[in-house]
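Quick notes on the structure that follows.
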Amino acid sequence: MNSRRIHVIRRGAPSQGPVLYWMHRDFRAADNWGLTHARMQALRSGQPLAVVFCLASAFPGATRVHFNFLLQGLQKTAQALNQENIPFIALRGEPGLEVARFAREHKASLVVTDFDPLRIKARWIEDLLLACDQPLHEVDSRNTVPARIVSNRREFMARTIRPKITRLLAEFLDEFPILPVHPHPWPTTIVKPEFALPQPKSGDKAGRQALLVEPGEHAGRALLQKFLKEKLPFYMNRNDPNHDVCSNLSAHVHFGMLSAQRVVLETQRMGLAGENVDSFLEEIIVRRELSDNFCLHTPDYDSVAGFPEWASESLHKHRNDPRPAIYSAEEFKEGKTHDPLWNAAQTQMLLTGKMHGYLRMYWAKKILEWSPTAADALNTAILLNDRHSLDGRDSNGYTGIAWSIGGVHDRGWTERPIFGKVRYMNLAGARRKFDVDRYVRSWTAPRDGAST
DNA sequence: ATCGGCTCGCGCAA
DNA sequence: TGCGCGAAGCCGAT
């Protein structure tokens, strides 16, 4: 495999001892460069290999629905690893500390882990570095071209990162190697991981509906096949939420149950081409890379401090503009605004764990319009998305919301109240693009006590 | 239905 | 230094 995918965080003299792969972003056994690197190192040194996962006791914003999706997927991943003679070890607690403890106890010679630009992951990795002496390698399995290779600074917009990615695609869009079943068995008995899966309470619509999505890496590949065959030909309708043409892959991709690189390879293998394919590849390659680039090079990726200068100034200038309405966090959450389209989008997210791509922009921009300040709006949007979207707590989410509210990766537009020069969107625009009333009818929450 | 203006700054050509 | 152009638009003129 291309050694440029490997970012050495801590070097170490070669030593005898098992290799650990600490999985915390790319939750899959297949198409995983981090696991591939760990396996190849263990093969080379003739050592056993284990995959270690630690269930964080506290993961801000995550809910039972998220944990269910993750843990059900991990059961499949553990089975797949078992076929490869690689044990899957589930720990619980503070991830960096627990993985370090495990590495010390088993005298590991190397720890390999996933790349992730979010702050919480940087803290976990710092914890691990302080709590053990093992060398640590980080591998970017989330992006086709590793984020650290694409660019070493914050990119201005998609236009500036696109040529940098395109130049490197020939080098990094390669097939994942097939490796032998691992020949060196783990020396000690592994307690089979037991995930206590909290079941949705009866009457918990959100929990039930979100779980109708089949989790796991096999399900992710099946969804991909279905999308490429049945929906991609109609992808020109992607901005119409009444059309079921979106990939619906974001939850699987967010949890790393499906590799973005596999998506690209599979699209190519099927010989697909044309405008629809170009649009889809732009999303799965360029926009994803841009999101990781934004979070990697913007410490305040979830704060107004991360907004570009022109947008911050403009929003500040309009901070005292009268708002047509101000809603509390609770009113937003319950979908109790005056705008039926906004309420419908919010309801769709609450019930299914996802929101249509076009509506995400509209939804976030209206939160800006109906909040006391841009900072309040950003907090509200991030809180709701992290908590209720299955693909929340992802660089994509922080970047998309920063685009909507703070003009990140966008340019200025006609100055107007509240928004200043940040791009404005309204109901009239939505009506021009699709049948708003039809969408609203399909996602109007039934009132309590109403018959169905 | 379609067009131009709004508005900013990067990256490239010169 | 000048110029083209961009992550999803709006609005008024024609």
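Since the model is a prediction, treat every value here as computed from it, not as a measurement. Every chain is numbered from 1 and lettered A, B, ... according to where its sequence line falls, protein lines coming before strand lines.
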Could you go through the ring pair (Phe, Tyr, Trp, His ring centres under 6.0 Å) check for A/H137 and A/H37 one step at a time?
-> CA-CA 9 Å; A/H137 293 182; A/H37 175 55; 5.2 Å; yes
Round to a whole Å and report the spacing from [atom1] of [X] to [atom2] of [N].
X: A/K164; N: B/dG11; atom1: NZ; atom2: C1'; value: 10 Å
X: A/E313; N: B/dC8; atom1: CD; atom2: C1'; value: 12 Å
X: A/M361; N: C/dA7; atom1: CE; atom2: C1'; value: 8 Å
X: A/R411; N: C/dA7; atom1: CZ; atom2: P; value: 10 Å
X: A/R432; N: B/dT2; atom1: CZ; atom2: P; value: 14 Å
X: A/R153; N: B/dG11; atom1: CZ; atom2: C1'; value: 9 Å
X: A/L290; N: C/dA8; atom1: CG; atom2: P; value: 12 Å
X: A/F419; N: C/dC10; atom1: CZ; atom2: C1'; value: 12 Å

Answer with yes or no whether the side chains of A/W443 and A/Q346 bring together a donor and an acceptor at under 3.5 Å.
->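 No, no side-chain donor-acceptor pair sits under 3.5 Å.
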Any side-chain N or O of [X] under 4.0 Å from OP1/OP2 of [N]?
X: A/R159; N: C/dG4; result: no
X: A/K433; N: C/dG9; result: yes
X: A/N239; N: C/dA7; result: no
X: A/K421; N: B/dC6; result: no

Who pairs with B/dT7 - Watson-Crick or G-U, where each distance is under 3.5 Å =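 Across all strands, not a single nucleotide pairs with B/dT7.
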Both distances under 3.5 Å, Watson-Crick or G-U wobble: report the partner of B/dA13, or none.
->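 When the pairing criteria are applied, C/dT1 turns out to be the nucleotide that pairs with B/dA13.
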Go through [options] for me and flag the one nearest to the [X] side chain.
X: A/E155; options: B/dC6, B/dC10, B/dG11; value: B/dG11
X: A/Y424; options: B/dG9, C/dA7, C/dC10; value: C/dC10
X: A/F156; options: B/dC10, C/dC10, C/dA7; value: B/dC10
X: A/T160; options: C/dC10, B/dG9, B/dG11; value: B/dG11
X: A/M425; options: B/dT7, C/dA7, C/dG9; value: C/dG9

Could you measure between the two [atom1] atoms, the one in [N] and the one in [M], and give it in whole Å?
N: C/dC5; M: B/dC3; atom1: P; value: 16 Å
N: C/dA7; M: B/dA1; atom1: P; value: 28 Å
N: B/dG5; M: C/dC3; atom1: P; value: 16 Å
N: C/dG12; M: B/dT7; atom1: P; value: 15 Å

Heavy-atom closest pair, residues A/P417 and A/H318 |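 Closest approach of A/P417 to A/H318: CA-ND1, 4.0 Å.
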Applying a 4.0 Å non-hydrogen cut-off, can you work out what [X] is touching in the nucleic acid: base, sugar-phosphate, or nothing?
X: A/R154; value: nothing
X: A/R238; value: nothing
X: A/R360; value: nothing
X: A/T399; value: base
X: A/Y358; value: nothing

Sort out for me which residue in A/H338, A/K336, A/E334 forms a side-chain hydrogen bond (donor to acceptor under 3.5 Å, both in side chains) with A/Y327.
->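 Filter result, single survivor: A/H338.
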Side-chain (A/H356) to main-chain (A/R238) donor-acceptor, under 3.5 angstrom =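 Pair found, side chain donor or acceptor close to backbone of A/R238.
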Test: A/R119 cationic atom under 6.0 Å from A/Y301 six-membered ring centre, within 45° of axis =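 Yes, A/R119 and A/Y301 form such a contact.
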Report yes or no: is the cationic atom of A/R411 (NZ for Lys, CZ for Arg) closer than 6.0 Å to the six-membered ring centre of A/W413, at no more than 45° off its axis?
->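 Yes; both conditions hold, so A/R411 lies above the ring face of A/W413.
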Classify the side chain of A/R423 versus the base of C/dC10 as yes if they form a donor-acceptor pair under 3.5 Å and no if they do not.
->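 By the distance-only test, no, there is no pair.
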Between A/P163 and A/M157, just flag the one whose closest nucleotide in DNA chain B comes earlier from the 5' side.
->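 So the residue in question is A/M157.
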